[in-house]
Student: 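Handing you this structure, nothing more for now.
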Amino acid sequence: MPFAEFDDVTIHYLDEGTATGPALVLAHALGTGTHLWDNIVPLLPPGLRVVRYDARGHGQSSTPPAPYTMGALIRDAERLMDHLGLRDTIFVGLSVGGMVAQGLAVKRPDLVRALVLSNTGAKIGTPEIWAERIATAPRPGGMEELAHGSCERWFPGAYVKAGQHQPWYEHLCAHDPEGYAGCAAAISGTDFYTPTSGLRIPTLGIAGAEDGSTPPDLVRETVDLIPGSQFRLLRGTGHVPPVDAPADYAACLVDFIDATGHLRATPP
Ligand SMILES: O=C(O)CC1=CCC(=O)O1
């Protein structure tokens, strides 16, 4: 199981596909992990190197004491990519992963040649919403309460009614409250409207029509900060389309990878 050890955190990652190919990096949402991408990776074109990782406080990465800053989450991605010798990648970030994507592209343009900002925003929620979740996470039954609310916001009603959300509900219930609260604090303190509006790289925004966390208008407003960006609205899905609409989601990625010429790019 690959791990990268840094001074304050150990990051678990998966490095798949063609080792010498141009790279795609996948950064997940709050309360999920590398498995968010399980249905997507097999649908990506051959020839790519596909790297995904667990954010600090998530999955098999370590959980430093909360709270975390967005700067720390960005630094983790940066250090992992340097550790793996990745440059000129397409960085796909979903939700908080999309915030990391924006910050990383501003900080280290050598690492990111194109961006997919999926179900995310330059700013997500309000300090009050995040303070409430940070207080709830460590309470007895707190993660269950958060898991319930998350599934309501993340998935279309019919998906929840049919019980298809159940594995994700259980995953969220079992999530380390410190890791959840730590990353929630990072989101709470982040407003990327100004830095993101300075980006000048190919960008695709992906939104789910039934996303109760980062609605389509927020995703569109965010990618509109970057001149020339594209926007795709996926119907019948919510906040985590790699889970409930993998074929449509992968098709968006494949079209974008084609349009950027990434597979024709010379690997680093
Ligand atoms: O938990 C949510 O409602 C949605 C969310 C915000 C940031 C993230 O990664 O997930």
Side-chain angles (χ1 to χ4, degrees), residues 25-37 52-59 61 66-70 72-74 76-77 91-104 115-137 142-157 159-160 165 168-192 196 205-219 221-222 237-244 249:
V25 181
L26 303 169
H28 63 77
L30 179 66
T32 67
T34 55
H35 61 306
L36 180 75
W37 308 104
R52 44 186 162 147
Y53 69 98
D54 287 324
R56 58 172 60 207
H58 286 67
S61 290
Y68 314 146
T69 62
M70 187 54 64
L73 301 189
I74 292 166
D76 292 344
F91 196 102
V92 181
L94 193 149
S95 203
V96 64
M99 295 181 125
V100 170
Q102 294 168 64
L104 184 70
L115 274 179
V116 178
L117 301 181
S118 170
N119 306 82
T120 192
K123 184 176 184 326
I124 300 178
T126 62
E128 293 72 26
I129 287 172
W130 292 112
E132 172 69 27
R133 292 203 215 166
I134 290 164
T136 301
M143 287 311 297
E144 284 79 359
E145 189 182 325
L146 292 171
H148 180 76
S150 296
C151 288
E152 299 259 293
R153 290 187 302 276
W154 287 10
F155 295 108
Y159 195 86
V160 174
H165 67 297
W168 291 91
Y169 173 77
E170 282 162 22
H171 176 82
L172 280 159
C173 288
H175 203 280
D176 185 331
E178 179 132 26
Y180 185 97
C183 284
I187 298 165
S188 173
T190 299
D191 177 344
F192 275 153
T196 296
I206 304 178
E210 298 180 51
D211 186 345
S213 295
T214 51
D217 282 355
L218 173 64
V219 183
E221 181 180 292
T222 299
T237 179
H239 189 57
V240 283
V243 173
D244 59 20
Y249 192 83

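Numbering of ligands and ligand atoms starts at 1, following listing order. Note that the structure is predicted; figures quoted are calculated from it, not measured.
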Student: I need the atoms of ligand 1 closer than 4.0 Å to a non-hydrogen atom of W154, numbered in the order shown.
Tutor: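 Once the distances to W154 are compared, the set is 1 (O), 2 (C), 3 (O), 4 (C).
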Student: Look at atom 7 (C) of ligand 1 and find which of A27, G31, S95 reaches it with the closest heavy atom.
Tutor: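 Heavy atom nearest to atom 7 (C) of ligand 1 belongs to S95.
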Student: Could you tell me which residues satisfy side chain to side chain donor-acceptor pair (under 3.5 Å) with T237, sequence neighbours excluded, listed by chain and number?
Tutor: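 For T237, the residues satisfying side chain to side chain donor-acceptor pair (under 3.5 Å) (neighbours in sequence not counted) are D244.
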Student: Counting each atom of ligand 1 from 1 as listed, which ones have a heavy atom of A29 under 4.0 Å away?
Tutor: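 Near A29, meaning under 4.0 Å from one of its heavy atoms, ligand 1 has 9 (O).
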Student: Return a yes/no value for R133: is any of its N or O atoms, backbone included, closer than 3.5 angstrom to an N or O of ligand 1?
Tutor: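 Among all N and O atoms of R133, at least one is under 3.5 Å from an N or O of ligand 1.
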Student: Below 3.5 Å, N or O to N or O, backbone or side chain included: is there any such pair between S213 and ligand 1?
Tutor: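 By distance alone, the answer is yes.
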Student: Would you mind listing which atoms of ligand 1 come within a distance below 4.0 Å of any non-hydrogen atom of R153?
Tutor: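 Answer for ligand 1: 1 (O), 2 (C), 3 (O).
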Student: Does ligand 1 have any atom sitting under 4.0 Å from a heavy atom of M99?
Tutor: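 Under 4.0 Å: no for M99.
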Student: Could you tell me if the side chain of V240 sits less than 4.5 Å from the side chain of N119, heavy atoms only?
Tutor: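 Not touching, per the 4.5 Å side-chain cut-off.
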Student: Donor-acceptor pair, S95 side chain versus A29 backbone, under 3.5 Å?
Tutor: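 Absent.
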Student: Is there at least one pair of N or O atoms, one from I124 and one from ligand 1, spaced under 3.5 Å apart?
Tutor: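 Min N/O separation from ligand 1 is not below 3.5 Å for I124.
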Student: What is the ring orientation for W168 with H35, classed by angle as parallel under 30°, tilted 30 to 60°, or perpendicular over 60°?
Tutor: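 Parallel, since the angle between the ring planes stays under 30°.
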Student: For ligand 1, is any non-hydrogen atom under 4.0 Å from E152's backbone (N, CA, C, O), its side chain (CB onward), both, or neither?
Tutor: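 For E152, there is no contact with ligand 1 at all, from either part.
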Student: I'd like to check the salt bridge (Lys or Arg N to Asp or Glu O under 4.0 Å) partners of D76; sequence neighbours left out, ordered by chain and number.
Tutor: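 Testing D76 for salt bridge (Lys or Arg N to Asp or Glu O under 4.0 Å), a comparison that skips the adjacent residues, returns R56, R79.
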Student: Run the numbers for me: atoms of ligand 1, each under 4.0 Å from some heavy atom of V96, listed by number.
Tutor: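 Ligand 1 atoms under the 4.0 Å threshold to V96: 7 (C), 8 (C), 9 (O).
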Student: Tell me yes or no: between the side chains of D211 and H239, is some donor less than 3.5 Å from an acceptor?
Tutor: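 Note: D211 and H239 side chains meet the donor-acceptor criterion.
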Student: Any idea which heavy atoms bring H58 and T32 closest together, and the distance?
Tutor: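 Shortest heavy-atom separation between H58 and T32 comes out as CD2-O, 3.6 Å.
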Student: Using distance alone, with no hydrogens and no angle criterion, decide if S150 and R153 have a side-chain donor and acceptor under 3.5 Å apart.
Tutor: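 Note: S150 and R153 side chains meet the donor-acceptor criterion.
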Student: Would you mind listing which atoms of ligand 1 come within a distance below 4.0 Å of any non-hydrogen atom of H239?
Tutor: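 Once the distances to H239 are compared, the set is 4 (C), 5 (C), 10 (O).
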Student: Can you tell me which portion of I187 lies within the under-4.0 Å heavy-atom range of ligand 1? Options are side chain, backbone, both, or neither.
Tutor: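 The answer is the side chain.
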